[in-house]
Amino acid sequence: MSIEPRARVAPERVLPGPVPLAPETAAQQRVVKRICDRVAPDGIDVGVDEVPPGGLQVWIDTPVPVAKQESWVLYHRMAREVALVGWHCEADADRLLVLGWSAACLHNRVRLLQSGLRRLTDFEATAQRAVQLDGQRPDQPPAQVVAAVCASIERRLRWPERLAELDGFERSSGLPHLQLLLAQVIGLEAKVTTACEEHLVMARVLARAVCEQYARHSDLSRAQRDVLAESRRWVHASSMIRGSASARPSPVGAAGRPHMGLAERRIAASVINHGVPRATPAAVTPLVEHLDHTEGAR
């Protein structure tokens, strides 16, 4: 019995597995996912994946398809928020594309950070909200009241939540002009973060002070009024110091002193009679001696 020899079998081919994401792409993907999750309404999940040769795509990942008009609005809302970080975005009714850094978007972020930093120099609104205790009862545990007040102030500031979405993300570019813009953005973000922390510190101090005052005399209106009056001395310290320097020549259009932190304001408010010119008796006495009795009676 003859047996036909077996045909030679080709070795089994091993298909290549999925290529792991580059670290910078994975970090970008996490940031975009955080931003889009914040923008998306409750009950709508968002998917983010890489698009070769570069970039990310974002889509609405729900079992039931979303209406075209609703998805168009949602994708453009996501595109606006993601573009505020500095990326170029393209959106339609089917998906959102997140591409590379955009000089125009980075310039826009610089303008927004500078505007936010100017607004953060005003502590009056934070002081007003802090003494109101965010609707909390002053007889509750002070730690609970302070936590609720700080959370309310943080939501109003908006920047802490947006900057927290960039935690752990190293931003860089191979183009020199984009590197300079990114460096400027990162520097301004650090200043905005510090200014927001100062607002939260003030909210914490004032809310606790209201609780302590209320514990003494059980009069909430009086406690709020006293704490707010005490805080205004150092809340407005920078404007008082600008007024004291008004006699010095200043360039046209100058905005006064640079941004003053909360600690600087409290130190400035503790200085007695700052900005008030003191009259020296030696300069006044000779003038009085030369007046006759009629002028002196006036």
Side-chain angles (χ1 to χ4, degrees), residues 24-41 46 48-51 53-60 71-122 125-126 153-200 253-256 258-259 261:
E24 58 274 12
T25 303
Q28 181 190 13
Q29 186 171 329
R30 287 192 298 268
V31 171
V32 172
K33 183 75 164 60
R34 293 169 190 165
I35 297 173
C36 294
D37 284 340
R38 170 172 56 84
V39 175
V46 175
V48 182
D49 201 358
E50 186 181 18
V51 177
L56 300 174
Q57 63 175 339
V58 182
W59 69 93
I60 300 173
S71 64
W72 189 92
V73 172
L74 183 54
Y75 283 132
H76 280 76
R77 191 178 302 161
M78 293 178 183
R80 183 177 65 250
E81 291 293 325
V82 173
L84 290 179
V85 178
W87 288 305
H88 175 76
C89 298
E90 296 181 3
D92 54 23
D94 298 322
R95 65 177 180 175
L96 165 66
L97 291 178
V98 182
L99 305 177
W101 295 115
S102 164
C105 293
L106 287 173
H107 277 296
N108 183 49
R109 185 167 183 83
V110 168
R111 288 192 296 269
L112 289 175
L113 288 165
Q114 291 172 340
S115 175
L117 196 59
R118 285 192 297 269
R119 288 195 298 269
L120 288 169
T121 59
D122 183 11
T126 298
I153 297 297
E154 188 172 4
R155 288 192 299 270
R156 186 188 69 86
L157 294 175
R158 300 177 67 182
W159 276 110
E161 181 183 17
R162 283 172 163 78
L163 295 179
E165 294 169 345
L166 299 172
D167 285 347
F169 181 49
E170 297 290 337
R171 285 163 283 180
S172 62
S173 173
L175 300 177
H177 70 286
L178 293 181
Q179 288 179 356
L180 292 175
L181 281 173
L182 287 171
Q184 185 180 10
V185 165
I186 294 170
L188 287 170
E189 287 175 354
K191 293 181 180 180
V192 169
T193 299
T194 301
C196 290
E197 289 174 354
E198 290 176 340
H199 279 258
L200 295 177
H259 171 72

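Owing to the predicted nature of the structure, the values given are computational and were not obtained by experimental measurement. What you see below is based on every heavy atom in this structure, not just the backbone, and it leaves out hydrogens, waters and symmetry mates.
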Here the side chain to side chain donor-acceptor pair (under 3.5 Å) pairs for residues 168-178, sequence neighbours left out, are R171-E189
Could you list all the side chain to side chain donor-acceptor pair (under 3.5 Å) pairs where at least one residue sits in residues 88-106, not counting sequence neighbours? Q57-R95, K68-D94, H88-E90
Looking at every heavy atom in both [X] and [Y], which two are closest together, and how far apart are they?
X    : Y    : result
L99  : G54  : CD2-O, 4.5 Å
W87  : V32  : CZ3-CG2, 3.9 Å
A83  : C89  : N-SG, 3.9 Å
G86  : L106 : CA-CD2, 3.7 Å
T126 : R156 : OG1-NH2, 2.7 Å
V82  : C36  : CG2-SG, 4.2 Å

Interatomic distance, [X] atom [atom1] to [Y] atom [atom2] [nearest 0.5 angstrom]:
X    : Y    : atom1 : atom2 : result
L163 : C196 : CG    : SG    : 7.0 Å
R34  : F169 : CZ    : CZ    : 10.0 Å
Q29  : D49  : CD    : CG    : 6.0 Å
L56  : T25  : CG    : OG1   : 7.0 Å

Partner residues of [X] under the side-chain contact (heavy atoms from CB on, under 4.5 Å) criterion, sequence neighbours left out:
X    : result
E154 : P160, L200
E197 : T193
P176 : none

[X] side chain to [Y] backbone, donor-acceptor under 3.5 Å:
X    : Y    : value
E161 : R155 : no
T194 : A190 : yes
S71  : A93  : yes
Y75  : I60  : yes

Checking side chain to side chain contact (heavy atoms under 4.5 Å, CB included) between V185 and each of L112, L180, L113, L166, which is the one that passes? L113
Only one of R162, R30, M78, E165 passes side chain to side chain contact (heavy atoms under 4.5 Å, CB included) with I35, and that residue is E165
Among residues at least two apart in sequence or on other chains, which ones pass salt bridge (charged side-chain N to carboxylate O under 4.0 Å, His left out) with R77? none
Does the pair L181 and Q184 meet the rule for a side-chain contact (heavy atoms from CB on, under 4.5 Å), with working shown? CA-CA 5 Å; L181 281 173; Q184 185 180 10; 4.1 Å; yes
Excluding sequence neighbours, so at least two apart, what forms ring-ring contact (aromatic ring centres under 6.0 Å, His included) with H76? W72
The test is side-chain contact (heavy atoms from CB on, under 4.5 Å); show your working for D122 and L120 and say whether it passes. CA-CA 5 Å; D122 183 11; L120 288 169; over 6 Å; no
Close side-chain approach of N108 to R111, heavy-atom, < 4.5 Å: yes
What residue pairs, at least two apart or across chains, pass salt bridge (Lys or Arg N to Asp or Glu O under 4.0 Å) with a residue in residues 174-188? none
Residues forming a side-chain hydrogen bond (donor to acceptor under 3.5 Å, both in side chains) with R119, sequence neighbours excluded: S115
Just wondering, more than 12 heavy atoms not from R158 lying within 6.0 Å of its CZ? no
